There are 2 protein chains.
Amino acid sequence: MLTNLGTDRPVFIQLIDEIQMRILSGTYPRGGRIPSVRELASEFKVNPNTMQKALNELERTGLLNSQRTTGKFITENETLIQELRRKTAENEIGFFTERMMKYGYSRQEIFQLLQEFCTQEKEQTD
Amino acid sequence: MLTNLGTDRPVFIQLIDEIQMRILSGTYPRGGRIPSVRELASEFKVNPNTMQKALNELERTGLLNSQRTTGKFITENETLIQELRRKTAENEIGFFTERMMKYGYSRQEIFQLLQEFCTQEKEQTD
DNA sequence: ATCATTGTATTATGTCATTAGTACAATCAG
DNA sequence: CTGATTGTACTAATGACATAATACAATGAT
């Protein structure tokens with residue numbers, strides 16, 4: 001029986017995603033210190049080990065660097081951040097359109113649907 | 001250590017996704033018989049059990065129905081298919097825009113980026 | 001020096017996804 | 001009837017993910 005449809009992706013992947021979004025969007029500012037592993041783990045209600053695993057990956061890609069006892073800091077490299085932001089956006093667009101086309105929508109249809117969606121006067125609730 | 005970044009989602013979820021796309025896009029025609037569990041498992045190079053799990057989910061949602069010894073058939077219900085196709089597309093758009101906005105892109109920017117992407121004269125290589 | 005906080009590492013445990021292998025009952029072709 | 005194919009069910013083994021519970025070394029504040 002299917003138990004957990006919807007919790008698709010592993011937690012640590014979702015964490016990588018979320019933290020990276022905060023960095024790329026500037027929620028966590030360039031050069032700044034991010035909350036401690038334990039703090040972040042607490043915020044997301046996950047085990048510190050899991051958070052550590054996610055942050056390690058962000059360090060591997062150069063977005064973070066650790067200073068053993070003072071914390072983890074976001075790269076000063078603005079270019080890296082902007083490059084990654086652009087690339088990530090491209091990727092998102094690529095995945096999105098690829099999937100839509102697999103559902104049988106043409107480029108033009110995709111474009112139209114998004115236009116309808118984007119021009120909705122929608123109240124943002126968060 | 002991170003071993004399998006990129007193999008994000010469980011195989012059986014990807015299978016649900018892929019088979020459903022074939023149904024919604026019409027690759028597998030309405031009312032028709034889909035290949036046997038063992039055939040599909042072979043095509044996707046997965047264990048029959050895993051394919052079975054995926055097809056069960058599609059049966060649960062009403063897209064497929066089984067006839068014990070003759071095979072699995074796609075629903076005759078055109079409305080169900082079109083409704084699901086529409087809903088799925090809406091969902092894709094929702095996820096896509098939500099993620100893009102988390103990266104700090106405005107609705108207008110998203111729209112523009114997609115426009116650039118969709119108006120590229122791109123040769124499809126597959 | 002003392003103490004709290006930092007990142008980091010380790011071991012154990014439970015759950016889930018996946019594969020492998022097998023089995024059975026119902027249909028259809030010969 | 002015989003045999004092949006269908007969906008379906010079951011057990012066992014393996015590996016990844018996640019949590020729990022520690023532990024330790026380095027830094028900064030007191």
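It should be emphasised that the depicted structure is a prediction, and the values quoted were computed from it without experimental measurement. We name chains A, B, ... by the order of the sequence lines, and we start the count at 1 in each one.
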Item to check | With sequence neighbours excluded, residues passing ring-ring contact (aromatic ring centres under 6.0 Å, His included) with B:Phe96 | outcome: A:Phe96
Checklist entry - What nucleotide among D:dA18, C:dT19, D:dT8 has an atom nearest to a side-chain atom of B:Thr50? => result C:dT19
Item to check | Side chain of A:Arg38 - closest among D:dA23, D:dG7, D:dA9 | outcome: D:dA23
Checklist entry - Tell me, do A:Leu55 and A:Leu40 make a side-chain contact under 4.5 Å, heavy atoms counted? => result yes
Checklist entry - OP1, OP2 of C:dG7 versus side-chain N and O of A:Thr69: anything below 4.0 Å? => result no
Checklist entry - Is there a donor and acceptor pair closer than 3.5 Å between the side chain of A:Asn47 and the base of D:dC17? => result no
Checklist entry - How many Å lie between CG on A:Leu40 and C1' on C:dT5, as a whole number? => result 15 Å
Next on the checklist: Any side-chain N or O of B:Ser36 below 4.0 angstrom from OP1/OP2 of D:dT6?
Outcome noted: yes
Checklist entry - What is the distance from NZ of B:Lys72 to P of C:dA26, rounded to the nearest Å? => result 17 Å
Next on the checklist: Rounded to whole Å, how long is the line connecting atom CE of A:Met51 with atom P of C:dT6?
Outcome noted: 14 Å
Next on the checklist: Can you tell me if B:Lys53 touches the phosphate of D:dT8, counting only side-chain N or O atoms and a distance under 4.0 Å to OP1 or OP2?
Outcome noted: no
Checklist entry - Roughly, in whole Å, what's the span from CG in A:Asp8 to P in D:dA18? => result 13 Å
Checklist entry - In terms of side-chain heavy atoms of A:Arg68, which of D:dA18, D:dA25, C:dA20 is nearest? => result D:dA25
Next on the checklist: So, does A:Thr70 get its side chain near the phosphate of C:dT5, meaning an N or O under 4.0 Å from OP1 or OP2?
Outcome noted: no
Item to check | Nearest-Å distance for atom pair CZ/P, residues A:Arg9 and C:dA17 | outcome: 16 Å
Item to check | Shortest side-chain distance from A:Arg33, nucleotide among C:dT6, D:dT8, C:dT19 | outcome: C:dT6
Checklist entry - Between D:dG7, C:dT8, C:dT10, which nucleotide has the shortest distance from any of its atoms to the side chain of A:Gln52? => result C:dT8
Checklist entry - OH of B:Tyr28 to CD1 of B:Ile74: how many Å apart, nearest 0.5 Å? => result 8.0 Å
Item to check | Test: B:Arg9 and B:Asp17 ion pair at under 4.0 Å | outcome: yes
Next on the checklist: I need the CG-C1' distance between A:Asn65 and C:dG7, as an integer number of Å.
Outcome noted: 13 Å
Checklist outcome for this item: Taken to the nearest whole Å, CG/A:Asn56 to C1'/C:dA9 is 11 Å
Item to check | Nearest-Å distance for atom pair CG/P, residues B:Asn49 and D:dC10 | outcome: 12 Å
Item to check | Closest listed nucleotide, where the reference is the side chain of A:Glu39 and the choices are C:dT10, C:dT6, C:dT27 | outcome: C:dT6
Checklist entry - If you count the non-hydrogen atoms of other residues, nucleotides and ligands that lie under 6.0 Å from CD in B:Gln108, is the total more than 12? => result no
